[in-house]
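Working notes, structure below.
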Amino acid sequence: MDTINSPRSLTGRAGITIALSLATGLASLGTSIANIALPELATAFAAPLPQVQAVTVAYLGSLTVCVVAAGRLADRFGTKAMLVLGLVLFASATGLCAAAPTLSVLIAARTFQGAGAAFLMTLAMALMRQTAGEGQIGRAMGLLGTVSAIGTALGPSLGGLLIPLSGWRAIFWVQLPIAALALILAVSFLPRDACCADTKAPSLWSVMSRSLAGSLLVNVLVAGIMMTTLVVGPFYLGLGLGLTVPEVGAVMAIGPVISIVSGVPSGRLVDAWGSGRMLVIGLALLGVGALMLAIVPGVIGVAGYVLSVLVLTPGYQLFQAANNTAALSDVAKDRRGTVSGLLGLSRNIGLIAGASAMGLVFALGVGTTDVTQASASAIASGMRLTFLTAGAGAVAAFALAVFGPDRRRAEADRCQS
């Protein structure tokens, strides 16, 4: 059986949902909570900023490298078993981070923590697909999107609260009880794996189809667009519009808040109207929002930026729920871990590409790499070029979704209608 049906109690269903939500939230929290501690770490270890930044890079690099391996191990040895292993690895590495006597030990521990996070992020998605009813897959994916947004948004604020009270080590100690609770719930409530240890994991080539390849490519493009808002947004708001640091933080928080609010409703829409239809609508909103960011803030300032984000962010959440649902809808149970890993890998590649390539586009539009010395009009020019480029990426993603070789979505939509 692929789904958890009536014999499982409501308490069991709640335990599964909470366990998988905590796993996803921990991976996202680990991504964002350390960033705010970088100045404290530089002081504590008397290290220059490039060395301290390795605390963040080690986590993200390890997570990116390990997501596919986590999925393949789950397909061979069992999804529940590998999620439990991931939680143990994450918790152990987190404890080592909190107790790290040197910066080198902290960076090594963050590498292992990122590897554990790869298991949590990848296998929570696979297990949510496995345990959700056929008519509730979109809702399940939307919930994971909401929890991921909460973890990402909570990191800086929680870290900002804990560091003045207890120092930088507190940002790691606080993650341990959450990991312990997730581990207890996972062991207690997740369905037992039916596969055996001698089951051979499917090759990447065997799971790849034209449909999945299209989903992964669109995932890369969309993740790159979303990262662009995080990289370029603060420069434009602060240097282009003259906002103070607290004001920039308040405006930048609007996107994560919208993500939190729109995640589950997006999943419900996918269940009600079909993944193909909602995917196209989500990409359309994303493209319109990106093009608005290129034009509207230059006309009406901060209000234009906020209005653009109000269009772009729900489009992203709708896309995420629809794309993940479509990619996993017809995948055999023994291949879901691998496919989930590929989805995570494509997303991370997009995030990295958005942070690097689109940063270069912004600098090209500004006319200098030293953007802090540029005029407000030059910053506005960089903003315009960057999001015109992002809008072109959204148009390309829309074309792939509409005209690409994905016929399974159409069939799924007919079944759900």
Side-chain angles (χ1 to χ4, degrees), residues 16-34 58-97 108-131 140-141 143-145 147-148 151-152 172 175-176 178-193 195 197 199 201-202 204 207 324 327-328 331 333-349 351:
I16 292 172
T17 300
I18 295 171
L20 299 180
S21 297
L22 288 176
T24 300
L26 274 171
S28 299
L29 183 64
T31 302
S32 64
I33 197 170
Y59 183 94
L60 292 174
S62 179
L63 192 156
T64 301
V65 168
C66 293
V67 284
V68 175
R72 287 173 58 76
L73 287 171
D75 286 338
R76 180 172 183 182
F77 297 107
T79 313
K80 175 182 178 178
M82 290 299 100
L83 180 68
V84 169
L85 175 63
L87 284 166
V88 171
L89 176 59
F90 186 93
S92 301
T94 301
L96 183 57
C97 287
R110 282 284 285 176
T111 302
F112 287 109
Q113 191 187 36
F119 281 80
L120 306 190
M121 189 173 291
T122 301
L123 305 187
M125 184 190 301
L127 280 163
M128 193 67 92
R129 165 63 184 92
Q130 177 182 331
T131 57
M141 296 301 147
L143 175 62
L144 290 185
V147 172
S148 179
T152 302
F172 296 110
Q175 297 176 61
L176 282 177
I178 304 174
L181 177 59
L183 180 61
I184 293 170
L185 292 174
V187 171
S188 302
F189 293 107
L190 288 178
R192 187 171 301 174
D193 294 312
C195 58
T199 301
L204 295 179
V207 304
N324 290 343
L328 290 167
V331 177
K333 182 178 179 181
D334 62 351
R335 298 185 174 194
R336 287 176 188 156
T338 300
V339 173
S340 296
L342 288 170
L343 286 169
L345 177 62
S346 64
R347 177 179 177 273
N348 288 342
I349 290 174
L351 294 176

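Numbers here simply count residues along the sequence, with the first being 1. Since the structure is predicted, the reported quantities are computational estimates derived from the model, not experimental observations.
- The closest side-chain heavy-atom distance from Ser346 to Leu342 is not below 4.5 Å.
- Nearest heavy atom pair, residue Met121 against residue Arg347, reads SD-NH1, 4.4 Å.
- In terms of the side chain to side chain contact (heavy atoms under 4.5 Å, CB included) criterion, residue partners of Ile184 (sequence neighbours excluded) are, by chain and number, Ser188.
- Closest heavy-atom contact between Ala70 and Leu123: O-CD2, 3.9 Å.
- The two residues Leu26 and Ala179 make their nearest non-hydrogen contact at CD1-CA, 3.5 Å.
- The closest side-chain heavy-atom distance from Thr64 to Leu345 is below 4.5 Å.
- Within the 4.5 Å cutoff, side-chain heavy atoms of Val88 are placed close to those of Leu183.
- A distance-only check finds no donor-acceptor pair linking the side chain of Thr24 to the backbone of Ser148 [under 3.5 Å].
- Contact detail for Ala19 and Leu185: the closest heavy-atom pair is CB-CB, 3.7 Å.
- Once rounded to the nearest 0.5 Å, the distance linking CG of Leu87 with CD1 of Ile178 reads 12.0 Å.
- Between Leu120 and Phe90 there is a side-chain heavy-atom pair separated by less than 4.5 Å.
- Annotation: side chain of Leu20 is in contact with side chain of Leu83 (closest heavy-atom distance under 4.5 Å).
- Pairs engaging residues 109-120 under the side-chain hydrogen bond (donor to acceptor under 3.5 Å, both in side chains) rule: Thr94-Gln113, Arg110-Gln113, Gln113-Gln175 [sequence neighbours left out].
- In this structure, Cys66 and Thr122 have side chains that are not in contact, with every pair of non-hydrogen atoms separated by 4.5 Å or more.
- Heavy-atom minimum distance, Gly86 versus Phe119: CA-CB, 3.7 Å.
- Going from atom CD1 of Ile16 over to atom CG of Leu127 covers 8.5 Å, rounded to the nearest 0.5 Å.
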Requested in this report: With side chain to side chain contact (heavy atoms under 4.5 Å, CB included) as the test, would you mind laying out the steps for Leu144 and Met125 before giving the verdict?
Outcome: CA-CA 7 Å; Leu144 290 185; Met125 184 190 301; 4.2 Å; yes
Query raised in the report: Can Leu143 and Ser21 be said to form a side chain to side chain contact (heavy atoms under 4.5 Å, CB included), step by step?
Result: CA-CA 8 Å; Leu143 175 62; Ser21 297; 3.9 Å; yes
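- Between atom CG of residue Asp75 and atom OG1 of residue Thr338 there is a gap of 3.5 Å, rounded to the nearest 0.5 Å.
- Residues Ala115 and Ser62 share a closest heavy-atom pair of N-OG, 3.1 Å.
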